[in-house]
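Below is one structure, written out as structure tokens; the observations come after it.
Within every chain, numbering begins at 1; the chains are lettered A, B, ... in the order of the sequence lines, protein sequences first and strands thereafter.
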Amino acid sequence: MPILTSPPSESALVAEQFDDIEQQRDAAKLGMWIFLASEVLFFGGLFLSYTIYRFTYGHVFMETSRRLDVVLGGTNTAVLLVSSLLMAFAVRAAQLDQRRALVRLLLGTALLGCVFMSIKMVEYHKDYVEHLVPGTHFEWTGADPSNAELFFWIYFAMTGLHAIHVTVGIGVLLVLALLASRGKFSGGNYNAIEIGGLYWHFVDVVWVFLFPLLYLVGHR
Amino acid sequence: MEKVVDPRIYVRTCAALLVLLGLTWAIAYVDLGPFNLIVALAVAITKALIIALFFMHIKGSSRLLHLAAVAGLMWLLILVSLTLSDYFTRGWVPLNH
């Protein structure tokens with residue numbers, strides 16, 4: 001009985017349970033999309049509580065939102081959108097098996113992630129100095145201070161959870177860059193890059209909603 | 001092998017996203033009443049769709065992936081619609097205490 005084997009170059013890259021590399025890639029992408037669906041619900045709960053309180057205390061939210069720095073928030077949106085462009089190019093470099101370009105693009109994406117986090121930290125520091133962090137330190141001279149504080153609870157919960165995701169993303173990108181520099185993703189085995197890319201783009205999508213909902217409530 | 005996308009498409013995608021960012025930012029300085037929120041949300045949803053279609057390769061991927069992506073949104077819709085149907089209808093029926 002002849003022993004069926006796939007070509008040696010591919011068999012090393014395909015796990016036992018898969019017929020071929022295409023099926024392996026489809027399974028990886030499906031798994032990631034299901035994970036992202038659970039992430040949608042994770043953030044969804046916060047977006048939902050935001051929605052309820054925004055409709056209940058609309059005027060307070062408009063006033064409190066004006067205290068956030070729209071220039072820093074807007075710049076950060078642009079930083080993430082450009083980082084997504086670099087990530088898309090990184091996946092493309094992986095598809096074309098261009099190792100050096102892949103490493104550089106992954107590092108570039110991670111660098112922009114660090115720029116985002118730096119701007120975010122400057123912003124958090126500004127909020128802290130202006131007594132906008134909820135808790136005993138919080139000070140509000142306008143109307144309805146307790147609901148103004150509520151807005152900042154939601155602001156810190158949502159941007160904080162997002163910042164954790166960005167930090168995890170930066171870590172993933174750095175590990176991928178290290179593995180890529182060792183040639184781990186050559187020969188069509190770049191699932192990890194593609195999946196990491198999906199995660200990074202998802203984090204970008206979350207910020208795309210956070211920016212207008214937190215910084216641009218009503219008109220300024 | 002997977003289809004490799006023309007790099008110009010990625011550049012155009014990013015350019016469109018930055019233009020939409022500028023649009024949503026500029027509109028925040030114009031008083032449109034309740035339409036400020038509607039426009040901001042419409043722009044955000046458009047941006048999210050563009051990212052999903054072109055950067056996340058929903059365009060050109062299998063039906064199964066489309067289904068997985070839409071399923072996430074469907075569950076979110078259930079979460080939001082059931083909760084809001086509670087919160088926004090609480091005052092409709094007077095309670096006799």
Side-chain angles (χ1 to χ4, degrees), chain A residues 21-22 25-26 29-34 36-41 43-45 47-49 51-52 54-56 58 62 70-71 73-74 77-78 81-82 84-89 91-92 95-96 188 190 194 197-198 200-202 204-206 208-213 215-220, chain B residues 1-7 9-11 13-15 17-18 20-22 24-25 27-34 36-37 39-41 43-52 54-58 61-62 64-77 79-80 83-84 87-88:
Chain A
I21 203 158
E22 287 298 306
R25 181 171 303 133
D26 286 344
K29 283 197 281 190
L30 177 63
M32 192 62 196
W33 273 100
I34 290 170
L36 291 184
S38 77
E39 287 271 83
V40 165
L41 289 172
F43 279 99
F47 277 105
L48 179 60
S49 52
T51 308
I52 290 165
R54 171 162 181 166
F55 279 104
T56 319
M62 274 189 197
V70 73
V71 176
T77 316
L81 291 175
V82 175
S84 261
L85 175 66
L86 292 190
M87 189 69 231
F89 275 125
V91 173
R92 189 173 183 275
Q95 288 169 336
L96 296 172
Y190 54 83
E194 189 145 28
L198 285 176
W200 192 259
H201 295 309
F202 171 79
D204 190 11
V205 168
V206 172
V208 157
F209 283 96
L210 286 179
F211 173 61
L213 290 179
Y215 293 78
L216 306 175
V217 181
H219 78 107
R220 292 182 73 90
Chain B
M1 281 301 283
E2 266 185 325
K3 223 172 34 189
V4 178
V5 179
D6 186 340
I9 290 177
Y10 289 140
V11 174
T13 303
C14 188
L17 289 168
L18 290 172
L20 285 170
L21 166 65
T24 193
W25 198 337
I27 276 177
Y29 292 92
V30 186
D31 188 4
L32 299 171
N36 275 112
L37 174 64
V39 173
L41 273 179
V43 171
I45 290 169
T46 311
K47 279 161 86 179
L49 271 178
I50 290 174
I51 294 173
F54 297 103
F55 281 165
M56 300 172 92
H57 299 143
I58 278 290
S61 63
S62 68
L64 187 62
L65 284 194
H66 295 184
L67 188 68
V70 172
L73 296 179
M74 287 307 291
W75 283 105
L76 180 68
L77 210 63
L79 175 74
V80 171
T83 311
L84 292 188
Y87 269 91
F88 292 155

Requested in this report: Name all residues meeting the side chain to side chain contact (heavy atoms under 4.5 Å, CB included) criterion together with B:Ala69; count only those two or more places apart in sequence or in a different chain, and write none if there are none.
Outcome: A:Trp33, B:Ile58
Using 0.5 Å steps for rounding, measure from the [atom1] atom of [X] to the [atom2] atom of [Y].
X	Y	atom1	atom2	value
A:Phe47	B:Leu76	CZ	CG	9.0 Å
A:Leu85	B:Leu17	CG	CG	9.5 Å
B:Leu37	A:Leu216	CG	CG	11.0 Å
A:Thr77	B:Leu20	OG1	CG	12.0 Å
A:Arg25	B:Ser62	CZ	OG	12.5 Å

Report task. Might you work through the side chain to side chain contact (heavy atoms under 4.5 Å, CB included) test for B:Leu21 and A:Val208, ending with a clear yes or no? Result -> CA-CA 9 Å; B:Leu21 166 65; A:Val208 157; over 6 Å; no
Is it the backbone or the side chain of [X] that comes under 4.5 Å from a heavy atom of chain B, or both, or neither?
X	answer
A:Leu36	side chain
A:Phe202	both
A:Phe55	side chain
A:Leu81	both

Can you find a heavy atom in the side chain of [X] that is under 4.5 Å from one in the side chain of [Y]?
X	Y	result
B:Leu64	A:Asp26	no
B:Val80	A:Thr51	no
A:Lys29	B:His57	no

Query - Main-chain N/O of B:Val5 paired with A:Arg92 side-chain donor or acceptor, under 3.5 Å - result: yes
Query - Which atom of A:Pro212 lies closest to which atom of B:Ala44, heavy atoms considered - result: CG-CB, 4.3 Å
Query - Closest contact, heavy atoms only, B:Gly72 versus A:Val40 - result: O-CG1, 4.0 Å
Tell me, out of [options], who's got the most heavy-atom pairs with chain B below 4.5 Å.
options	value
A:Ser38, A:Gly58, A:Gly74, A:Ala37	A:Gly74
A:Gly197, A:Ala78, A:Ala88	A:Ala88
A:Val71, A:Val206, A:Leu213, A:Asp204	A:Val71

Query raised in the report: Most heavy-atom pairs under 4.5 angstrom with chain A, which of B:Tyr87, B:Trp25, B:Phe54, B:Trp75?
Result: B:Trp25
Query raised in the report: If you tally heavy-atom pairs under 4.5 Å against chain A, which of B:Ile45, B:Leu67, B:Val43 wins?
Result: B:Ile45
Query raised in the report: What is the ring orientation for A:Phe89 with B:Tyr10, classed by angle as parallel under 30°, tilted 30 to 60°, or perpendicular over 60°?
Result: perpendicular
